[in-house]
Amino acid sequence: MSSRFQALLDRFGATGSLICALHCALLPLALAAIPSLGLSVWLGDGFERSFVLFATLMGAFSLVWGYRRHRKVRALGVLLLGLAALWAGLLYDPWHHGSVTMHAAVMTFGGTLIGLAHLLNLRLNHGHVHDATCAH
C-alpha cells in the first residue's frame with residue numbers, strides 16, 4: 001500500500017472516530033429531541049453497531065498495516081483499548097441500556113482513543129526515521 005493511501009486511511013479513520021466520539025458525547029443531550037426531529041435512524045442501535053463495526057475494520061486494517069511498516073506497538077495498543085471500550089459499551093447491557101451517562105462516557109472514550117490511534121499511526125508512518133528495523 002502506498003504511503004499516500006495509508007495517510008488517507010488514517011486521516012479518514014481519525015475523522016470518523018472523532019465524529020463517533022462527538023456523536024456519543026452529544027447523544028444524552030439529543031435523546032429528548034430524537035422523536036420530534038426524526039433522528040432515530042441516526043442515533044439508534046443499528047447506526048451505533050454499524051459505526052463500531054466500521055471503526056473496528058478501518059482501525060484494524062489501517063493500524064495493522066502501519067504496525068507492519070514501523071514496528072511500533074503504541075498506536076495499535078491505543079486502538080485496541082479504544083475498540084475494547086466501544087465493544088464493551090455496545091455489548092455490556094448495564095452500560096448500553098442501563099445508564100445513558102455511562103454509555104456516553106464509555107463510547108466517547110473509545111471513539112476518542114481510536115481517533116488518537118489513527119493520528120499516532122499517521123505520525124509514526126510519516127514522521128519516523130528509516131533505519132535497519134524498518135520493514136519497508
Side-chain angles (χ1 to χ4, degrees):
M1 179 182 337
S2 74
S3 64
R4 288 179 65 177
F5 184 66
Q6 176 70 37
L8 179 66
L9 281 180
D10 278 321
R11 285 186 178 98
F12 184 67
T15 302
S17 296
L18 294 174
I19 288 171
C20 172
L22 183 63
H23 159 84
C24 295
L26 295 177
L27 182 62
L29 302 174
L31 282 175
I34 289 172
S36 62
L37 296 175
L39 297 175
S40 305
V41 72
W42 288 103
L43 300 173
D45 285 344
F47 175 78
E48 190 171 50
R49 278 190 299 272
S50 298
F51 212 93
V52 170
L53 181 60
F54 170 77
T56 300
L57 296 173
M58 173 65 78
F61 180 74
S62 180
L63 274 82
V64 167
W65 183 267
Y67 171 77
R68 291 179 61 198
R69 182 171 182 194
H70 54 69
R71 298 285 186 216
K72 303 263 192 266
V73 76
R74 286 179 291 187
L76 202 52
V78 173
L79 171 75
L80 293 176
L81 184 59
L83 288 175
L86 285 185
W87 284 104
L90 188 64
L91 299 176
Y92 184 60
D93 202 56
W95 289 353
H96 186 68
H97 292 109
S99 168
V100 172
T101 304
M102 186 61 176
H103 179 72
V106 169
M107 298 301 278
T108 301
F109 176 71
T112 301
L113 284 178
I114 293 169
L116 292 174
H118 280 288
L119 293 175
L120 182 58
N121 194 48
L122 186 64
R123 183 172 173 245
L124 287 171
N125 279 327
H126 296 286
H128 88 131
V129 177
H130 297 274
D131 61 17
T133 64
C134 287
H136 56 100

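For clarity, every value in this text was computed on a predicted model and none was experimentally measured.
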Q. With a 4.5 Å limit on heavy-atom distance, are the side chains of L90 and W87 in contact?
A. yes

Q) Hey, any chance L91 and L83 share a hydrophobic cluster, counting ILVMFWY side chains that come within less than 4.5 Å of each other, even indirectly? A) yes

Q) Going from CG on L86 to CG on L113, what distance comes out if it is rounded to the nearest 0.5 angstrom? A) 8.5 Å

(Q) Hydrophobic clusters here meaning ILVMFWY residues chained together by side-chain heavy-atom distances under 4.5 Å, can you tell me if F54 and F61 are in one? (A) yes

Q) Is there a chain of hydrophobic side chains (I, L, V, M, F, W, Y, each step under 4.5 Å between heavy atoms) that links L79 to V52? A) yes

(Q) Please tell me whether V64 and V73 are part of a single hydrophobic cluster in this structure, the criterion being side-chain heavy atoms less than 4.5 Å apart. (A) yes

**Q.** Note, E48 side chain near H103 side chain (heavy atom, < 4.5 Å)
**A.** yes

(Q) For A75 versus N121, what's the shortest heavy-atom pair and its separation? (A) CB-N, 3.8 Å

Q) Any side-chain heavy atom of M58 within less than 4.5 Å of one from I114? A) no

Q. If you group Ile, Leu, Val, Met, Phe, Trp and Tyr by side-chain heavy-atom gaps below 4.5 Å, do Y92 and V106 land in one group?
A. yes

